[in-house]
Protein chains: 2
Amino acid sequence: MARNSDGTKRTAILDAAVVEIARHGYHQTTVAMIARRAGVADGTIYLYFRNKEEILFSLFERAMGRFISEGRSQVDQETTAIEKLRRIVELHLTLVGKDRDLAIISQVELRHSLHFMDQLSRSQVGEYLAIISQVVAQGMEEGSFRKDLDPIFASKAIFGVLDEMATDWVLSHRNKRLESQAKAVTDFLLGGLSV
Amino acid sequence: MARNSDGTKRTAILDAAVVEIARHGYHQTTVAMIARRAGVADGTIYLYFRNKEEILFSLFERAMGRFISEGRSQVDQETTAIEKLRRIVELHLTLVGKDRDLAIISQVELRHSLHFMDQLSRSQVGEYLAIISQVVAQGMEEGSFRKDLDPIFASKAIFGVLDEMATDWVLSHRNKRLESQAKAVTDFLLGGLSV
DNA sequence: TAGTATACTGAATAGTCATTCATTTTATTA
DNA sequence: TAATAAAATGAATGACTATTCAGTATACTA
């Protein structure tokens with residue numbers, strides 16, 4: 001499998017894939033379309049990726065990597081669990097809201113098949129949830145969060161709210177920035193519905 | 001477009017589609033596979049559905065219809081917003097947890113394309129969210145829910161948590177019943193993370 | 001029972017595209 | 001500069017499948 005040394009061409013292919021897949025959907029996007037936009041020949045794609053599906057996987061890995069590494073660093077910049085949660089919410093909404101094409105991919109196109117979702121949730125999403133659940137656990141120790149929480153459960157619930165906001169933003173055609181919801185989300189997560 | 005008077009055959013086709021699509025995914029499921037399982041000829045499918053995609057739409061409508069009608073009836077059986085919320089959470093998790101094949105479809109396969117999700121969210125999901133947001137609004141009037149909530153926002157957050165629990169259950173290979181999470185979900189939604 | 005309408009069948013069609021690989025171009029080495 | 005290796009090309013292949021429709025079977029009517 002030949003490839004140029006810097007990741008130039010691989011990156012170009014992934015960038016092209018984001019645009020084409022966001023615009024036409026994974027199944028309507030042909031390998032030829034991605035190749036054309038990336039400025040390479042069809043066959044070149046197969047020097048960098050085993051098959052079409054691997055492009056989608058790689059796309060996800062690249063995006064999720066940012067969530068994890070930035071997530072960690074944001075969390076490390078704060079001391080209290082409440083502030084850490086605030087940072088995670090802001091980061092999540094900001095990262096998704098930054099690039100609509102990528103958001104379409106992560107909120108819609110990546111959820112195509114059971115097989116696919118399975119892989120995703122096992123690998124990187126699990127790592128992301130672990131970061132969140134650590135924050136919850138810390139909050140419980142600190143005494144700022146309720147003692148009767150299950151951190152794993154709570155991390156999923158938190159992710160669920162963030163994910164729904166992201167999906168809603170992708171589907172809405174309004175132009176409101178996604179990160180403008182950060183405060184509302186944090187307040188809801190911390191305080192719940194009850195007075 | 002010919003068809004037999006009772007919905008027998010149409011129902012058989014939809015039932016077959018649920019099984020095949022849950023098992024192989026929408027794109028790996030051929031019309032022939034659905035026809036075979038339903039015990040009809042390939043062409044018969046097209047007497048009942050315009051095309052393959054319409055099968056998926058119909059599947060969704062049938063399933064979502066239950067959420068909405070049962071949701072309303074559950075809500076009507078309670079008086080306080082807190083109890084209504086409890087019912088919605090229980091119903092949602094029970095309905096999803098009742099049929100794993102259908103759950104796979106609603107949590108994974110139905111989210112195929114932006115176009116598709118768009119249609120879904122506009123139509124029936126919107127109606128479902130409206131039911132939830134009415135409950136939130138009632139809770140605010142009653143004084144049992146915080147006054148600074150936006151009911152629309154809150155309904156999305158609630159749906160997000162329910163949806164994530166459902167997806168997690170579909171992807172997890174454990175056998176724990178989904179509705180066993182109902183209390184944890186309700187507590188989380190009502191009380192949030194903070195003490 | 002003959003005639004007509006309705007329902008169903010399944011083989012043939014028509015188009016699509018992921019993937020391959022023989023060939024060409026570009027880079028590296030001696 | 002010649003020889004060799006690495007990268008890249010893109011036309012051709014081969015496999016797949018949604019949809020159609022001419023024909024058959026079943027139900028209904030007079």
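Numbers restart at 1 for each chain; the letters A, B, ... are given by sequence-line order, proteins then strands. Note that the structure is a prediction, hence the values are computed from the model and not measured.
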Does the gap between the ring centers of Phe116(A) and Phe60(A) come in under 6.0 Å?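 No.
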
Measure from [atom1] on [X] to [atom2] on [N] and round the result to the nearest Å.
X	N	atom1	atom2	answer
Met33(B)	dC16(D)	CE	C1'	13 Å
Ile13(B)	dT9(C)	CD1	P	9 Å
Gln28(B)	dT17(D)	CD	P	8 Å
Tyr46(B)	dA22(D)	OH	P	18 Å
Glu53(A)	dT19(C)	CD	C1'	15 Å
His27(B)	dA18(D)	NE2	C1'	13 Å
Phe49(B)	dA18(D)	CZ	P	15 Å
Asn51(A)	dC17(C)	CG	P	17 Å

Would you mind checking if Arg37(A) and Glu20(A) are paired as a salt bridge, meaning a charged N to carboxylate O distance below 4.0 Å?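 Here Glu20(A) pairs with Arg37(A) in a salt bridge, since their nearest N and O are under 4.0 Å apart.
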
Cation-pi geometry met for Arg177(A) and Trp169(A) (6.0 Å, 45°):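 So Arg177(A) doesn't make the cation-pi contact.
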
For the side chain of [X], counting heavy atoms from C-beta on, which of [options] is nearest?
X	options	value
Leu47(A)	dA7(D), dT19(D), dT19(C)	dA7(D)
Lys52(B)	dG10(C), dT19(D), dA18(C)	dT19(D)
Val31(A)	dG10(C), dA18(C), dA8(D)	dA18(C)

Do [X] and [Y] pair up side chain to side chain, a donor and an acceptor below 3.5 Å, judged on atom types alone?
X	Y	value
His112(A)	Tyr26(B)	no
Thr167(B)	Gln107(B)	yes
Gln138(B)	Glu142(B)	yes

Does dA8(D) have OP1 or OP2 under 4.0 Å away from a side-chain N or O of Lys9(A)?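 For dA8(D), OP1/OP2 do have a side-chain N/O of Lys9(A) under 4.0 Å.
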
Global bending angle along the helix from dT1(C)-dA30(D) to dA30(C)-dT1(D), which compares the axes of five pairs at either end, to 10 degrees: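 Between the first-five-pair axis and the last-five-pair axis there is 0°.
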
Ignoring hydrogens and angles, tell me if any N or O in the side chain of Ser133(A) forms a donor-acceptor pair with the backbone of Pro151(A) under 3.5 Å.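 Checking the backbone N and O of Pro151(A) against the side chain of Ser133(A), no donor-acceptor pair under 3.5 Å is found.
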
Earlier contact from the 5' end, DNA chain C, for Asp42(B) and Gly43(A):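 Going by which nucleotide is closer to the 5' end, it is Asp42(B).
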
Just checking Thr30(B): base, sugar-phosphate only, or nothing, at a heavy-atom cut-off of under 4.0 Å?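 Sugar-phosphate contact only - Thr30(B) comes under 4.0 Å of backbone atoms but never of a base.
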
